[in-house]
Amino acid sequence: MALIVTLRALGLGDLLAAVPALRAIRRAFPRHEHALAAPAALAPLAALTGAVDRTVDARPLAPLPAELRGADVLVNLHGRGPESHLVALAAAPQRLVAFAHADVPRTRGAPAWRAREHERDRWCRLLRESGIPADPGDVLLPAPERPPPPAVLGATIVHPGAASPARRWPPERFAVLAAEERRAGRRVVVTGSAAERPLAERVAALAGLPRDAVLAGETDLLGLAASVAAAGRVVSGDTGIAHLAVAFATPSLTLFGPTSPDEWGPPSPPALPASTGAQARHHALWRGRRGDPHGKRVDRGLYEIGAEEALAALARVS
C-alpha cells in the first residue's frame with residue numbers, strides 16, 4: 001500500500017494542534033496508509049483522530065526509522081527547517097510538503113512561513129497552499145472508550161503543572177481557584193504527571209481538598225484524556241491539558257504567560273480582557289507580554305494574572 005508520512009515528533013499540545021491538518025491529509029489521500037512520526041506515547045491519542053493508521057516512534061530532529069523511507073508523500077508538520085526538512089529528505093520521500101527555506105533547495109517555491117501565526121492555522125495553510133484543502137476548526141475528538149476515574153465525572157480539573165517553570169502559575173493561586181470551586185459545590189480534582197504529584201498535593205492541601213482529590217501520577221495519557229472528556233471544566237496553564245479541553249469541548253480557563261493565545265490558544269475568543277463579561281466555552285487570560293516559554297522562572301506576564309481576575313474569568317466559563 002502507498003505510504004503517507006507526517007512528521008510531528010513533538011508533545012501532546014503539538015499533536016492536538018495538528019489534528020485538523022492530519023485529518024486533511026487523510027481526506028486528501030484516502031487510499032494510502034498514514035503513518036505519524038511522533039513519540040510512541042502519543043499513539044493512543046493519535047488513533048482517536050481517525051487520521052492515523054499507525055504511530056512510528058520518533059524523536060525531535062532524529063533520523064526517521066527505516067520503515068518510513070520512500071514514502072509517496074512526507075508532510076513536515078514539525079517546523080520551518082532546515083533541520084527538520086533535512087530529516088524528512090533523508091527518508092527519501094517522492095514528494096515533500098513543507099515550508100520554503102533558503103537552505104533547502106527542494107523547498108524552493110513552497111509556501112512561506114509566517115511568524116506568530118496560530119499553530120492550527122499555520123499547518124492548514126501549508127496544506128491549502130500545497131493543494132490540500134484543510135479546515136483549522138476540525139479539532140474535536142471522540143471521548144476515549146476507557147472509563148474515566150469516577151471522581152472526575154462533572155468535576156473541575158485543576159492542573160497546576162507545565163513543562164517549564166515559565167508556564168507555571170503559582171500553586172497558591174491555583175489553590176484559591178480550587179477552594180472557590182469547592183465552596184461553589186463542585187467536585188475538584190488535581191491532575192498532573194507522577195513528577196508533578198508533590199505540586200498537586202501542595203495545591204490540594206492549600207485548597208483544603210481531601211487526599212483522594214489528587215490524581216497526579218495515577219493516569220496515563222489516555223486516562224487523562226478520558227478524565228478531561230468527562231470533567232465539568234478544566235483550569236490550567238498553557239500546556240497539553242488545555243488542548244485536550246478544546247478537543248473534547250470541555251469548558252476551560254487557560255492562563256497564558258510567555259506565549260500568546262493568538263498562537264496557541266482556544267478557537268474563540270482568542271483572549272479575554274478583564275472587563276469582558278461574555279460567556280464562552282473556552283477562555284484565555286493573557287497580559288500581552290511575550291517571553292521565553294522554556295524559562296527557569298515563572299513568566300512575568302503570567303505572574304501578573306491574579307487569583308481574583310482568574311476567578312472572575314472562571315465564572316464566565318460555560
Side-chain angles (χ1 to χ4, degrees), residues 1-26 29 32-49 51-108 110-111 113 117 119-120 122-123 126-127 130 161-164 166-167 193-195 220-222 224-225 238-240 243 259 263-264 292-296:
M1 180 182 292
L3 177 65
I4 304 293
V5 173
T6 303
L7 174 59
R8 187 72 168 171
L10 296 165
L12 172 60
D14 304 285
L15 170 65
L16 294 172
V19 166
L22 290 171
R23 286 176 168 160
I25 296 166
R26 162 67 79 182
F29 302 97
H32 289 63
E33 180 187 18
H34 289 253
L36 173 66
L42 298 177
L45 276 182
L48 283 181
T49 69
V52 175
D53 295 309
R54 58 188 170 109
T55 297
V56 179
D57 192 33
R59 292 292 178 266
L61 303 181
L64 294 179
E67 64 190 277
L68 300 181
R69 287 187 59 85
D72 288 68
V73 181
L74 194 154
V75 183
N76 183 4
L77 300 185
H78 188 93
R80 61 177 174 176
E83 293 89 350
S84 59
H85 290 1
L86 296 178
V87 167
L89 289 172
Q94 295 180 38
R95 177 188 176 191
L96 175 66
V97 176
F99 282 112
H101 195 284
D103 293 339
V104 185
R106 190 164 165 182
T107 65
R108 188 175 294 116
W113 178 273
E117 188 172 16
E119 192 73 359
R120 287 186 296 270
R122 167 177 290 132
W123 302 115
L126 168 66
L127 296 179
S130 301
S164 67
R167 292 186 281 130
S193 67
D220 59 12
L221 184 56
L222 197 60
L224 179 63
D238 172 23
T239 191
H243 294 272
T259 56
E263 297 167 29
W264 284 96
D292 178 6
H294 309 293
K296 302 299 184 183

(request) For residues L68 and A35, report the shortest heavy-atom separation together with the two atoms involved. (result) CD2-CB, 3.8 Å
(message) When you measure from the centre of the six-membered ring of W113, is the NZ or CZ of R122 closer than 6.0 Å and no more than 45° off the axis?
(response) yes
(request) Mind checking ring-ring contact (aromatic ring centres under 6.0 Å, His included) for H34 and listing every partner two or more places apart, or none if nothing turns up? (result) none
(request) List the atom of P65, the atom of D57, and the distance in Å for their closest heavy-atom pair. (result) CG-O, 3.5 Å
(message) Please check this pair: side chain of H85 against backbone of R80, looking for a donor-acceptor N/O pair closer than 3.5 Å.
(response) yes
(request) Could you pull out the closest heavy-atom pair between A100 and T107, with the gap in Å? (result) CB-O, 3.5 Å
(request) Check side-chain hydrogen bond (donor to acceptor under 3.5 Å, both in side chains) between R8 and all other residues, then give those that pass, not counting sequence neighbours. (result) E119
(request) May I ask you to test the S130-R95 pair for a side-chain heavy-atom distance under 4.5 Å? (result) yes
(message) Quick check: closest heavy atoms across A38 and T55, and the distance to 0.1 Å?
(response) O-CG2, 3.8 Å
(message) With a 4.0 Å cut-off on N to O distance, would you call R26 and D53 a salt bridge?
(response) yes
(request) Kindly give the heavy-atom pair with the smallest separation between W123 and G79, and that separation in Å. (result) CH2-N, 3.8 Å
(message) Using every non-hydrogen atom in the two residues, find where A88 and L96 come nearest and quote the distance to one decimal.
(response) CB-CD1, 3.8 Å
(message) If the threshold is 4.0 Å, N to carboxylate O, is there a salt bridge linking E67 and R54?
(response) yes
